[in-house]
2 protein chains.
Amino acid sequence: MMTALQAFEEKKRFVHLKELLRSANHIQKIKKGTFLFQEGMVANELYLILSGKIQMSKMSQDGKEMCFRICSAGEIIGELTLFTNDPKYLLNAKVMEDGEVAVIKKDYLEEQLLLNPTLTFEYMQWLSNHARRTQTKFRDLILLGKKGALYSTLIRMCNSYGIRLKDGSILIDLPLKNQDLANFCGTTRESVNRMLNALKQEGILSIHKGKITIHDLDYLKREVQCENCPVEICRIE
Amino acid sequence: MMTALQAFEEKKRFVHLKELLRSANHIQKIKKGTFLFQEGMVANELYLILSGKIQMSKMSQDGKEMCFRICSAGEIIGELTLFTNDPKYLLNAKVMEDGEVAVIKKDYLEEQLLLNPTLTFEYMQWLSNHARRTQTKFRDLILLGKKGALYSTLIRMCNSYGIRLKDGSILIDLPLKNQDLANFCGTTRESVNRMLNALKQEGILSIHKGKITIHDLDYLKREVQCENCPVEICRIE
DNA sequence: TGTTAGATGTGATACATATCACACACGGTT
DNA sequence: AACCGTGTGTGATATGTATCACATCTAACA
């Protein structure tokens with residue numbers, strides 16, 4: 001029986017659920033540029049990413065894109081369609097990098113989730129944390145202005161996708177275009193470009209091969225008056 | 001008598017959970033202007049509101065306030081502290097109107113939730129819907145600009161707190177100051193004031209005794225290119 | 001090697017929004 | 001009635017941000 005709350009580590013999270021998914025109905029290849037699903041489509045399936053990268057985003061009517069997360073191996077997508085009575089995907093799942101996903105039927109997963117307390121616990125824990133992350137993230141995006149939104153996004157990217165280098169810098173291990181960043185923080189490509197260049201000038205970060213390395217994370221944190229909330233909360237996702 | 005738009009789900013949602021909460025540890029009076037809890041405080045308890053109104057918000061370091069929801073009788077607050085290993089409240093619960101809350105221990109509730117599949121189901125359903133609501137709401141706040149943010153907020157307020165009048169108008173049954181609205185949509189009191197006055201000029205809405213009545217909801221929807229997502233999603237909360 | 005498509009960089013400009021500094025309105029005191 | 005405190009209304013101005021229109025770079029590839 002689940003009593004004590006386990007340490008929150010990406011690696012350990014959702015282990016039982018992932019195990020279940022691995023025994024999935026079937027495997028599906030995904031190709032860059034295609035959509036695994038799009039918002040509005042009826043959702044019958046969830047996916048466990050085995051390899052490749054998928055960007056989850058939501059469009060507004062006038063073509064602007066709000067990017068929520070970038071998922072890679074080990075992550076589950078389509079999860080928010082569980083237990084809803086309007087079973088449509090809310091996000092677009094665009095493939096950024098070829099790979100494979102394990103496919104599982106939503107009905108089956110809902111059944112299993114309710115039958116197995118361990119699964120239940122893991123899923124509720126994940127949902128709670130998801131909601132908590134979301135609150136802080138959007139407060140930042142809305143209240144800090146566009147520059148603050150970018151800085152906040154970069155900080156979260158460090159926590160979500162960052163690799164610490166020997167010199168203490170943090171490599172955000174994702175190929176990100178200016179436009180991608182703009183979609184994450186609700187601004188324009190041009191604005192992102194100018195802000196990134198300013199940060200480059202100051203030596204706060206550098207960019208090689210489309211990947212950003214943050215040299216002075218503290219500078220960014222100071223600028224947004226970061227309250228150093230726990231790393232499991234201060235994330236892109 | 002008027003038909004509350006929100007009746008459809010709010011009343012039915014969470015029934016078993018609410019029943020559980022009603023058999024709570026004890027009852028606590030709440031007084032206007034005080035905080036039931038504040039962000040950062042260790043969370044041992046959840047609350048079911050029996051009467052009164054509570055505003056849930058989050059502050060940024062520089063004093064700006066992001067308002068998430070206004071809760072009244074029948075709603076549960078503090079729920080996102082369940083199943084996390086960093087058991088701190090993430091929001092401030094400010095009492096807007098005197099009342100009473102039922103108090104329940106978090107530990108006990110977690111236990112009960114896992115033991116009773118019906119409760120489990122209700123809670124997961126609520127969490128999923130919460131996450132879905134949040135995604136659409138913040139996309140709007142971030143991508144639509146401040147005017148769009150206000151319009152979107154007004155539309156959601158209609159769905160969450162609206163009462164349909166005989167002439168088809170919708171009364172948002174909450175006393176809202178300009179500053180409150182500003183906190184909901186991430187702008188300033190002055191901007192809200194100007195935008196509301198413009199809408200008054202056009203006859204889109206009117207204000208009496210601090211409560212807003214929307215006469216032409218479709219105008220607002222058109223302006224934000226509303227995609228008419230389901231009412232259980234397009235809400236303040 | 002030249003061509004191309006996609007990405008980045010940048011000035012000029014327009015527009016949106018915040019900020020500041022008050023005046024005004026209103027309901028509840030004393 | 002005069003006096004608060006709190007909320008609203010509004011002009012002037014500053015700042016932030018998007019938009020447009022290109023130039024430039026880069027990697028892929030024919």
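We use all heavy atoms of the structure for the numbers below, so side chains are in, but hydrogens, waters and symmetry mates are not. So that the names make sense, note that chain A is the first sequence line, chain B the second, and so on, each numbered from 1.
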Undergrad: With sugar-phosphate meaning primed atoms plus P, OP1 and OP2, does A:Gly145 contact a base, only sugar-phosphate, or nothing at under 4.0 Å between heavy atoms?
TA: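 Here A:Gly145 touches the backbone only, sparing every base.
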Undergrad: With DNA chain D as reference, determine whether B:Arg194 or A:Arg194 sits nearer its 5' end, using the nearest nucleotide of each.
TA: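 Result of the comparison: B:Arg194.
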Undergrad: Tell me whether the OP1 or OP2 atom of C:dA16 has a side-chain N or O from B:Lys146 closer than 4.0 Å.
TA: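 No.
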Undergrad: Provide the start and end nucleotides, 5' to 3', of the part of DNA chain D that has atoms under 4.0 Å from heavy atoms of chain B.
TA: D:dG7 to D:dA12
Undergrad: Between A:Asn193 (side chain) and A:Arg189 (backbone), is there a donor-acceptor pair under 3.5 Å?
TA: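 Looks like no, no N/O pair under 3.5 Å.
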Undergrad: Applying side chain to side chain contact (heavy atoms under 4.5 Å, CB included) to B:Leu127 and B:Leu80, what does each step give before you reach the verdict?
TA: CA-CA 9 Å; B:Leu127 275 177; B:Leu80 290 183; 3.7 Å; yes
Undergrad: Rounding to a whole Å, what distance do you find between B:Asn178:CG and C:dA18:P?
TA: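 After rounding, the reported distance stands at 14 Å.
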Undergrad: Return the value, rounded to whole Å, for the distance between atom NZ of B:Lys147 and atom C1' of C:dA18.
TA: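 Distance check: B:Lys147 NZ to C:dA18 C1' gives 16 Å.
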Undergrad: Name all residues meeting the side-chain hydrogen bond (donor to acceptor under 3.5 Å, both in side chains) criterion together with B:Glu227; count only those two or more places apart in sequence or in a different chain, and write none if there are none.
TA: B:Arg139
Undergrad: It should be established whether A:Asn193 places a side-chain nitrogen or oxygen under 4.0 Å from OP1 or OP2 of nucleotide C:dG9.
TA: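 For A:Asn193, the contact criterion (side-chain N or O under 4.0 Å from OP1 or OP2 of C:dG9) is met.
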Undergrad: A:Lys200 has an atom NZ; how far is it from atom C1' of C:dT10, in whole Å?
TA: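 Nearest whole value for this atom pair: 13 Å.
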Undergrad: Applying the side chain to side chain contact (heavy atoms under 4.5 Å, CB included) test to B:Tyr47, which of B:Glu79, B:Gln28, B:Glu75 qualifies?
TA: B:Gln28
Undergrad: Quickly work out the A:Lys177 NZ to C:dG9 C1' distance and round it to whole Å.
TA: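 Whole-Å distance recorded here is 17 Å.
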Undergrad: Evaluate the side chain to side chain contact (heavy atoms under 4.5 Å, CB included) criterion for residues A:Leu174 and A:Met96: first the C-alpha distance (whole Å), next the side-chain angles of each, then the deciding distance (0.1 Å), finally the verdict.
TA: CA-CA 10 Å; A:Leu174 280 180; A:Met96 311 304 293; over 6 Å; no
Undergrad: To the nearest Å, how far apart are B:Lys209 NZ and C:dC26 C1'?
TA: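 Between C1' of C:dC26 and NZ of B:Lys209: 11 Å.
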Undergrad: Whole angstrom is fine here: how far is it from NZ in B:Lys64 over to P in C:dT17?
TA: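 For the pair B:Lys64 NZ and C:dT17 P, the rounded distance is 15 Å.
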Undergrad: Counting only heavy atoms and a strict 4.0 angstrom limit, can you tell me which residues of residues 182-190 of chain B come near DNA chain D?
TA: B:Arg189, B:Glu190
Undergrad: Assign the ring pair A:Phe138 / A:Phe68 to parallel, tilted or perpendicular, where the plane angle (0 to 90°) is split at 30° and 60°.
TA: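 Perpendicular, since the angle between the ring planes exceeds 60°.
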Undergrad: Do B:Asp98 and B:Lys31 touch side chain to side chain, with heavy atoms closer than 4.5 Å?
TA: yes
Undergrad: Can you check the A:Ile142 CD1 to C:dA18 P distance for me, whole Å?
TA: 12 Å
Undergrad: Give the rounded distance in Å between these two atoms: CD of A:Gln201 and P of C:dG9.
TA: 10 Å
Undergrad: Under a 4.0 Å N-O cut-off, is there an ion pair linking B:Lys32 with B:Glu97?
TA: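 A salt bridge is absent here (no side-chain N lies under 4.0 Å from a carboxylate O).
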Undergrad: So A:Arg132 and B:Asp86, do their side chains get closer than 4.5 Å, heavy atoms only?
TA: yes
